[in-house]
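Each chain gets a letter, A, B and so on, in the order its sequence line appears, and its residues count up from 1.
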Amino acid sequence: MSSSSSPGFGLNAPQYAAVKYMDGPCLVLAGAGSGKTRVITQKIAHLIEDCGYEPRHIAALTFTNKAATEMQERIAKLLKEPKQAKHITVSTFHSLGVKILRQEARELGLKDRFSIMDSDDCFSIVQDLAITTDKQLIRRIQTAMSLWKNGLVDPEQAIKQAVTEDEAQAARIYRSYVATLAAYQAVDFDDLIRLPVELFRSNEAVRDKWQRRLRYLLVDEYQDTNTCQYELVKLMVTGIGKKPMFTAVGDDDQAIYAWRGATIENLKTLQVDFPDLKVIKLEQNYRSSTRILQAANAVIGNNPKLFEKSLWSEHGLGDPIKVMAMADDEQEAEQVAIMLSAHRFERRAKFSDYAILYRGNHQARIFEKALRRERIPYVMSGGQSFFDKAEIKDIISYLRLIANSDDDPAFIRAITTPRRGVGQATLEVLGTVAGQWQCSLFEAVFKGGIEAKLTDRQLYPLREFCNFINQLEARASRVGPAGSGENAAAVLDDMMKEINYEHYLYDCFDDRQAQGKWQNTLDFTNWLKDKGNGGKDGAGEEKNLLELTQMVALMSMLEGRDEEPDAVRMSTLHASKGLEYPHVFLIGVEEGILPHKGDPDAPIETIAARIEEERRLMYVGITRAQRSLHVSWCKKRKRAGDSVHCDMSRFIKEMRLDEGDAVPKEEEQITPQNRLASLKALLQKPRAA
DNA sequence: TACCCGGCTCACGAA
DNA sequence: GAGCCGGGTA
């Protein structure tokens, strides 16, 4: 890597300054591709090897499991003693939250076997509370509640602040929702951060304990933190007579998570809360060619600036950026597939050098078809998570129920899947009884008086199911780090055999589907067993079934342990952040898609704010590319059956490409007829410089 | 009454 | 392509 000055560690001057700065809080404004992960990992090595920090006293927080895993690996490679890396807390905000909650559950009146509800569970809870089937409305309430939680607004405040009747209704549901989760001994994703914040605020001793445990904090993607996460950071680093020690790394131009409560205000607030904050800017980009950077700078230049920052690169001008106007989405997919093929051939590149990036997951489907037709291997990232598949959630519901019998949503799912003679009517009676006794459904099965309300035929399968779960629970409890005989794998295997899930799948689905689903469950259970043993290399800690269950709730995808196949990457723009590819195709760059059209009747300032966030999304997309960038848009697009007219996105104009780059030349498009000829022509052409 | 099928509509992002 | 609803059927 070329750099004008190389003061040490192979870093440039500002990177070096960021790594060495140990006098107090530090904010690193790291432009796209400016080597921010390098700064974090080098700084951790510096803390351990030069500053005398013990690995277990250092915590690095990220937003995704993938980023955390990758960071840990990179740190291990840097350290003279790689083994030390596993003692560093490198985790997502949410995993750290689980860790704190599990240890401090009692302080919060929560059992340590609390369940973690996913958004589907929360959806059904809201559905029950709101007594409505209007999905849109439920979603809106869910979103409102999530934003309240992330903004540290409690139900009473929300009720007081409500202006419209809708808000008031949502706030009342919020209040019952919080109570419902408490009754289930469950927390949702937002609680994983919010509850530790409440705990640290109210309990000096606990806070002090964690402060002594995690003495230096590093925060990645700081621009994506929400109010609650920032509060957690603050509570962890500030104490009486203590110098706040942390490094936050972020880029305001890449803030793309406002919709889940993130606020770039946190960047400004940092300077207010920590007046001696040292701000260091990383402006040298090591990733992209100059043309790509110019386009990126031009686009983002249309946003108001929080911090003045301009990216530059020592790389050459590079390939011109190609903008392609397509007749429709069908043609777009086909052309991109063909062009990618030809481009790869011309450059002698690998498939894995390419990424196709898009705004929404549904845009991927048509490209999958086209890529398959062209026999181009691809892998998807983002999109529906492995853990969101129904068959996986079925199995997880059993695990959740074993860990926490108060978990009513898990109880309902497990007892009805596979069907075991418990139907709606039985569950309704059970629900009424549970309501009367103020206890969980599971407990209600054994409450006196229930015999009178249910027939023997109804009661028998209930009791049998609960006994079955109790047995598993008893066995699972014996499993632990101590490893006293029984292991999690055996319990899991017996459970799978007992519920005869494979049989159920073949009963309910056609053979092909069932086979796929069964394979998924096998992949899942094998992965679980592997994790329980401390991972493939046995490097991780052994985990019991409870820990596994709580971990699984936070997973978004199987960690890509396997060798990366040579395949084109397909990803949403959101999921592409932090990654880079030699060649990028940015597709569907149309008004309404990127920028995405939102509520037409939203207040004007939020519309402006939304466009700015969409622009940052475009910026993220452009800056993923190292050497070449293709941008495409469609004049027509199939939507709800019929074709609708589309306009080129304003962001394409904002790239301010030279005339030669911007004019789409349709006559140059590759058709099946001229395809062979163009390939031949490519073969004869000398390789591009 | 319960279930199944077909047509219709609709789609942002994720721990 | 999926989920929802309405209508038709066992």
Side-chain angles (χ1 to χ4, degrees), chain A residues 61-69 91-98 116-123 127 133-136 138-139 142-143 146-147 149-150 187-194 220-221 224-226 228-229 232 254-262 329 357-369 380-390 419 423-425 508 513 550-557 559 571-578 588-599 602 610-611 613-614 616-618 620-621 637-642 644:
Chain A
L61 295 181
T62 64
F63 278 87
T64 64
N65 288 300
K66 207 174 145 215
T69 318
S91 77
T92 63
F93 271 93
H94 292 85
S95 318
L96 178 68
V98 174
I116 300 169
M117 300 278 158
D118 64 30
S119 29
D120 282 359
D121 297 314
C122 301
F123 184 94
Q127 193 171 33
T133 51
D134 181 347
K135 276 184 77 167
Q136 299 260 305
I138 298 170
R139 279 274 143 69
Q142 246 188 319
T143 311
S146 180
L147 291 176
K149 282 195 175 187
N150 290 331
V187 302
D188 61 22
F189 283 134
D190 303 319
D191 287 336
L192 295 176
I193 323 284
R194 189 183 63 95
D220 192 17
E221 307 282 12
D224 289 334
T225 53
N226 59 39
C228 191
Q229 285 158 338
L232 183 65
Q254 291 185 72
I256 53 175
Y257 284 103
W259 52 274
R260 62 178 200 203
D329 46 352
L357 305 180
Y358 37 83
R359 178 67 229 276
N361 278 309
H362 63 277
Q363 291 172 261
R365 188 144 298 136
I366 194 163
F367 278 80
E368 284 190 79
K369 264 197 267 174
M380 309 258 298
S381 66
Q384 205 212 11
S385 152
F386 183 73
F387 295 93
D388 283 342
K389 291 177 190 294
R419 298 229 77 113
Q424 194 58 40
C508 298
Q513 277 185 320
Q550 291 183 341
M551 179 184 71
V552 156
L554 303 178
M555 287 286 171
S556 64
M557 58 193 91
E559 280 146 64
S571 169
T572 62
L573 287 167
H574 283 93
S576 77
K577 186 147 72 94
V589 187
E590 293 137 43
E591 284 297 306
I593 292 190
L594 184 64
H596 188 265
K597 62 162 184 325
D599 270 347
R610 211 161 38 206
I611 293 290
E613 176 145 323
E614 296 291 314
R616 291 191 289 268
L617 213 39
M618 179 76 181
V620 166
R637 182 174 285 279
K638 271 223 176 46
R639 214 186 159 89
D642 45 25
V644 288

Would you indicate, yes or no, if C/dG3 has its OP1 or OP2 atom less than 4.0 angstrom from a side-chain nitrogen or oxygen of A/Lys135?
no

Taken to the nearest whole Å, CE/A/Met380 to P/C/dG1 is 12 Å

B/dG13 base stacked by A/Tyr257? Criteria: ring centres under 5.5 Å, plane angle under 30°.
no

Nearest to the side chain of A/Arg365, which nucleotide is it out of B/dG13, C/dG1, B/dA15?
C/dG1

Take atom CD1 of A/Ile193 and atom C1' of B/dA15, then tell me their distance rounded to the nearest Å.
8 Å

Without decimals, in angstroms, what is the distance between A/Ile593 CD1 and B/dG13 P?
11 Å

Would you mind reading off the distance between A/Leu573 atom CG and B/dA14 atom P, rounded to a whole angstrom?
10 Å

Separation of B/dC12 C1' from A/Arg637 CZ (nearest whole Å)
13 Å

Taking only side-chain N and O atoms of A/Asn361, does any of them lie within less than 4.0 angstrom of OP1 or OP2 on B/dG13?
yes

Atom CG of A/Asp188 and atom P of B/dA14 are separated, to the nearest Å, by 19 Å

Want to settle it: does A/Phe189 or A/Gln136 sit nearer the 5' end of DNA chain B, counting the closest nucleotide to each?
A/Gln136

For A/Tyr257, enumerate each residue passing the ring pair (Phe, Tyr, Trp, His ring centres under 6.0 Å) test, keeping only those at least two apart in sequence or located in another chain.
A/Trp259, A/His574

Base, sugar-phosphate alone, or nothing: which one does A/Lys597 contact when heavy atoms must sit under 4.0 Å apart?
nothing

Could you tell me the separation between the NE2 atom of A/His362 and the P atom of B/dC12, rounded to a whole number of Å?
7 Å

Which heavy atom of A/Thr62 sits nearest to which heavy atom of A/Ala67, and what is that distance?
CB-CB, 4.0 Å

Nearest-Å distance for atom pair NZ/P, residues A/Lys389 and C/dG1:
14 Å

For A/Phe63, run the side-chain contact (heavy atoms from CB on, under 4.5 Å) check against A/Asp220, A/Thr225, A/Thr92 and tell me which one passes.
A/Thr225

Under 4.0 Å from OP1 or OP2 of B/dA14: is there any side-chain N or O of A/Thr572 that close?
yes

Contacts of A/Ser146 meeting side chain to side chain contact (heavy atoms under 4.5 Å, CB included) (sequence neighbours excluded), chain-then-number -> A/Asn150, A/Asp190

If you measure from CD1 on A/Ile593 to CD on A/Gln363, what distance do you get to the nearest 0.5 Å?
4.5 Å

How is A/Phe93 classified with respect to the nucleic acid when contacts are heavy atoms under 4.0 Å: base, sugar-phosphate, or nothing?
nothing

